Protein chains: 2
Amino acid sequence: MTDTQNETPALDSVFHALADPTRRAMLARLAEGELRIGELAAPFAMSLAAASKHVRVLEHAGLLERRVAGRTHFCRIQAQPLQAAQAWLNYYSRFWRGRLDTLEALLVAEQEADDRADRQTEKDAGAAHE
Amino acid sequence: MTDTQNETPALDSVFHALADPTRRAMLARLAEGELRIGELAAPFAMSLAAASKHVRVLEHAGLLERRVAGRTHFCRIQAQPLQAAQAWLNYYSRFWRGRLDTLEALLVAEQEADDRADRQTEKDAGAAHE
DNA sequence: ATATTATTAAACCATATGGTTTAATAAATG
DNA sequence: CATTTATTAAACCATATGGTTTAATAATAT
């Protein structure tokens, strides 16, 4: 685990940005290509000003880059910061899965011990039979 | 893309829960095993009540399960909801990476076209020379 | 029975969030 | 130049967040 205190502000803002369905939908659309603020806002039942604020949240999280061309602002996704979030999730979910695996391994080991015991008794029974 | 509207409330609460460093640190510790609320709260410079609220946020996001034994509450991680978050991140970061790859492929293709053109003119020049 | 311990409830506070509406700014267009 | 278009700024509002402190609750321990 690299840290948990220094890379943290980025994670804060990235996870926070992702915690809103409007913003996730915006990112989803941006994955297909560059969009103007107006286009980005269009699908949502909210004022342009509100959408504009969501864009800024994404921008501050580093998930979106803005290119101003005249009076229109073009937005493109910048998914690099997602990697920190992914890394965090992967690390801890692996940790968790590891724990589950350990548990499962224990159960399997128990089961196998039982199986061996069963086979042994079968064999014994068979030997007695033969 | 499974949806973007129905699985969304879970994503909301999971990402929101993860957007706070205290809660991430709590999860990190829980990855190592079950802890009481008091133990979970100990490392943080905040009241027990505040920590207790963080625990509830994690609980509501489904990331933490509480087992009450007498007066003490034991918490264990329940990382299943992380998978939805992981899935979202993986899907879109792959999308993004795909786009980058496409862009890169275009640039490489252009470069190769240039190279071919260069080789051609070299060859022509060579032929003229010979 | 009384005290101690583990945790939540309640009331409160400052600040953040997600919206709105009404300007303001600045660029393209008739 | 006047107007329309694209976007943000500002002021405002309700509710949420992350804290605090001081009870309340309930289970142990003395």
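A quick note: this is a predicted structure, and the numbers were derived from the prediction, not measured. A note on names: the letters A, B, ... follow the listed sequences, proteins ahead of strands, and every chain is numbered from 1. Excluded from the calculations below are hydrogen atoms, water molecules and symmetry mates; all remaining heavy atoms, backbone and side chain alike, are included.
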Legend entry - Any pair counted as side chain to side chain donor-acceptor pair (under 3.5 Å), so long as it reaches residues 63-72 of chain B, sequence neighbours left out: B:Glu34-B:Arg67, B:Glu59-B:Arg66, B:Arg66-B:His73
Legend entry - Gap between atom CE of A:Met26 and atom CG of A:Leu58 - 0.5 Å precision: 7.0 Å
Legend entry - Between C:dT17 (P) and B:Asp12 (CG): distance, integer Å: 15 Å
Inset, instruction - Calculate the interatomic distance between B:Leu58 atom CG and C:dT8 atom P; express it in whole Å. - result: 13 Å
Legend entry - Rounded distance in Å - CZ (B:Arg66) to P (C:dA6): 16 Å
Inset, instruction - Please check the phosphate of D:dT7 (OP1 and OP2 only) for any side-chain N or O of A:Ser52 closer than 4.0 Å. - result: no
For a quick test of your reading: what N or O donor-acceptor pairs under 3.5 Å do the side chains of residues 40-56 of chain A make, sequence neighbours left out?
unit_1: A:Ser47; atom_1: OG; unit_2: A:Ala50; atom_2: N; d: 3.1
unit_1: A:His54; atom_1: ND1; unit_2: A:Arg23; atom_2: NH1; d: 3.1

Inset, instruction - Name the closest nucleotide to the B:Arg56 side chain, picking from D:dT8, D:dT7, C:dA9. - result: C:dA9
Legend entry - Per-nucleotide protein contact string for nucleotides 18-30 of chain D, where B marks a base within reach and S marks sugar-phosphate only (heavy atoms under 4.0 Å, - for neither): SBBB-----BS--
Legend entry - Side-chain N,O (A:His73) to OP1/OP2 (D:dT8) below 4.0 Å: yes
Legend entry - Flag if over 12 foreign heavy atoms under 6.0 Å of CD, A:Gln80: no
Inset, instruction - Tell me yes or no: between the side chains of A:Gln83 and B:Ser93, is some donor less than 3.5 Å from an acceptor? - result: no
Legend entry - Shared hydrophobic cluster, B:Val57 / B:Leu64 (ILVMFWY, side-chain heavy atoms < 4.5 Å): no
Legend entry - Rounded distance (Å) that lies between atom P of D:dA16 and atom NE2 of B:His60: 14 Å
